[in-house]
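Below is one structure, written out as structure tokens; comments come after it.
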2 protein chains.
Amino acid sequence: MTTTVLICDDHRIVREGLRQIVAGVPGVDRVETAASGEEVLARFPHERPDLILMDVRMPGLGGLEATRRLVSDNPDAKVIMLTAADDRDQVAAAVSHGARGYLLKDVSHEELCAAVAHALQGLDLVEPSLRRALAGREQLRTMPPGTQLTERELQVLTGMSQGKSNNQIGRDLYLSEDTVKTHARRLFRKLGVNDRAQAVALGFRRGLVT
Amino acid sequence: MTTTVLICDDHRIVREGLRQIVAGVPGVDRVETAASGEEVLARFPHERPDLILMDVRMPGLGGLEATRRLVSDNPDAKVIMLTAADDRDQVAAAVSHGARGYLLKDVSHEELCAAVAHALQGLDLVEPSLRRALAGREQLRTMPPGTQLTERELQVLTGMSQGKSNNQIGRDLYLSEDTVKTHARRLFRKLGVNDRAQAVALGFRRGLVT
DNA sequence: AGCGACGTCACCCTCGCGGGTGACCCGGAT
DNA sequence: ATCCGGGTCACCCGCGAGGGTGACGTCGCT
């Protein structure tokens, strides 16, 4: 039985770098690469990799959404999210979306090897420096729906990030301005912000909008 | 005489990946790595690398500002910016800041080797797919001061991206709210936007704020 | 049948935002 | 000496944004 690791990142350089490192891990027989979350979803059913290393920040389907869908369809999939050092929000979100663990992108060669080896043995990964960020993990998993942005709210936030007024957003979505304002108020509450500028900033930082 | 390439990226994985590739380029004798723009500035005078590969997106001193300062102090420095596929604004900005060229992060192994080899021969690099983005290069270089954000304006924009009101920004910077509003108006004009939400979005997209 | 989340819309009210304009000071370039 | 860019501050004005509240419909779950 062969052990396969699938690497997913939109930057070829990162893919190759990871491949070089992961290929040297004892017990890893094959290393595959994918350039997008969509590709992972499409290939997983056929290739059944034992472990997936996936970047959070990707164009199109982001790492979070890709993981959520993947794990939803394939509960046995093991996903380790790769993240920059500064997006703890995304890390917490990743775990709540079904990732088995996460790694900072600036881990050393050795740490990465060890992490992959551990993950292949079925262990979940928690980077020490960010352990506290996961203290609220259970809260995230069992978080009442009231704290996740709904589709509509995300559409309104996207409109805001494009500099549109509530009225313009309403016309785009075939809604009244008052309805847009209602969604705006609700998403402000969920994000814990007071105005659209803050919402846009937080949206960018959390990767909700691009 | 040895030929040295200095790689600068905040992610160790990317550094190692690039090192693997660049080390194989004919004519390259040494490959050094740095984790931040500050480190490059500090080490350049002593090590005098023949070529620097620098990521645009880095915490602290960004790739753009690091390049600007480096080239300002050392006009003979050769810098190639590494950029994601979607930030053309930053590419144009990079060139205007003194970079000799740029590469998309998902270039192939071969393209990267060829690019490094060319750069070491003193040629500037222009990725075909983004050549048009540089049509305005001269405009950028000779751009009248009226279109670059001033230090104050950037401070105000930063405050906006942190969700602060004009009043709060004023208190932070020891200015009156009216003065903040004046800076806000001016930076809106320069960015071509109508409100702070648009300004924040554009700021994030152009890498002016993080 | 009841409940809660979501979506839609409306009304009121307050306040900060953004635009326009004018003014003064400073420093560097011509 | 003059001009211009930048910084600082002030006034007025209109409008959109944001908060509060209430309402009604549709789901899906229990």
Side-chain angles (χ1 to χ4, degrees), chain A residues 68 72 96 139-203 208-209, chain B residues 68 72 96 139-203 208-209:
Chain A
R68 197 190 59 75
S72 169
S96 77
Q139 286 74 33
L140 278 171
R141 236 189 244 289
T142 63
M143 186 182 274
T147 50
Q148 291 269 5
L149 290 196
T150 67
E151 192 57 31
R152 265 294 191 241
E153 286 160 353
L154 201 57
Q155 290 170 353
V156 171
L157 178 59
T158 300
M160 288 181 182
S161 76
Q162 293 163 354
K164 293 174 181 162
S165 69
N166 292 336
N167 192 301
Q168 284 175 312
I169 296 171
R171 280 189 273 110
D172 288 356
L173 300 179
Y174 304 102
L175 298 176
S176 89
E177 182 180 343
D178 278 319
T179 301
V180 175
K181 288 175 71 172
T182 299
H183 289 307
R185 254 173 311 183
R186 293 216 256 255
L187 78 89
F188 288 170
R189 284 233 169 277
K190 289 182 180 177
L191 295 180
V193 300
N194 301 315
D195 58 53
R196 58 210 300 111
Q198 290 180 39
V200 168
L202 202 63
L208 300 174
V209 294
Chain B
R68 196 188 62 73
S72 169
S96 77
Q139 286 74 35
L140 277 172
R141 237 189 243 289
T142 64
M143 189 181 272
T147 50
Q148 289 269 5
L149 291 195
T150 67
E151 191 57 32
R152 265 292 191 243
E153 286 159 354
L154 202 55
Q155 289 170 353
V156 171
L157 178 59
T158 301
M160 288 181 182
S161 77
Q162 292 163 353
K164 294 174 179 160
S165 69
N166 292 336
N167 192 302
Q168 284 175 313
I169 295 170
R171 279 187 273 111
D172 288 355
L173 301 179
Y174 303 102
L175 298 176
S176 87
E177 181 180 346
D178 278 319
T179 302
V180 175
K181 288 174 71 172
T182 300
H183 290 308
R185 269 191 308 263
R186 292 215 257 257
L187 80 87
F188 288 169
R189 284 233 170 278
K190 289 182 180 178
L191 295 180
V193 300
N194 301 317
D195 57 54
R196 58 211 299 111
Q198 291 180 36
V200 168
L202 203 62
L208 301 175
V209 294

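Order of the sequence lines sets the chain letters (A, B, ...), proteins ahead of strands, with each chain counted from 1.
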#### Entry: Selected nucleotide, minimal atom distance to A:T179 side chain, candidates D:dC9, C:dG19, C:dC9
C:dC9
#### Entry: Whole angstrom value for the distance that separates P of C:dC17 from CZ of B:R189
18 Å
### Query
How many Å lie between CD on A:Q155 and C1' on C:dT8, as a whole number?
14 Å
### Query
Sub-3.5 Å donor-acceptor pair from the side chain of A:Q168 to the main-chain atoms of A:K164, do we have one?
no
### Query
What does B:S165 touch in the nucleic acid at a heavy-atom separation under 4.0 angstrom: a base, only the sugar-phosphate, or nothing?
sugar-phosphate
### Message
Between P on D:dT8 and CD on B:E177, what's the gap in Å once rounded to a whole number?
### Response
15 Å
### Query
Rounded to whole angstrom units, what separation is found between the CD1 atom of A:I169 and the C1' atom of D:dA17?
11 Å
### Task
Identify whether any heavy atom of A:R186 sits under 4.0 Å from a base atom; if not, whether one sits that close to sugar-phosphate; answer base, sugar-phosphate or nothing.
base
### Task
Calculate the interatomic distance between A:D178 atom CG and D:dA23 atom P; express it in whole Å.
16 Å
### Message
Regarding D:dG18, can its base be found pairing with the side chain of A:R185 as donor and acceptor, where the two atoms are less than 3.5 Å apart?
### Response
no
### Task
Check every strand shown and say whether B:S176 touches a base, only sugar-phosphate, or nothing at a heavy-atom separation below 4.0 Å.
sugar-phosphate
### Query
Rounded to the nearest Å, what distance is computed from the CG atom of residue A:N167 to the C1' atom of nucleotide D:dG18?
16 Å
### Message
Can a donor-acceptor pair be found, under 3.5 Å and without considering hydrogens, that links the side chain of A:R196 to the backbone of B:R196?
### Response
no
### A:R196 CZ to D:dG18 C1', straight-line distance once rounded to whole Å
10 Å
### Message
Checking contacts here: which listed nucleotide (C:dG7, C:dC9, D:dG19) is nearest the side-chain heavy atoms of A:T150?
### Response
C:dG7
### Message
Just to be sure I understand the rule, does B:D195 reach a base, reach only the sugar-phosphate, or reach nothing, if contact means heavy atoms closer than 4.0 Å?
### Response
sugar-phosphate
### Query
Among side-chain atoms of A:N166 and A:E177, is any donor-acceptor pair under 3.5 angstrom?
no
### Message
Whole angstroms only, please: what is the NZ-C1' distance between B:K181 and D:dA10?
### Response
10 Å
### Message
Any base atoms under 4.0 Å from B:R152, or only sugar-phosphate, or nothing? Heavy atoms, all strands.
### Response
sugar-phosphate
### Message
At less than 4.0 Å, is any side-chain N or O atom of B:N166 found next to OP1 or OP2 of C:dG16? Yes or no.
### Response
no
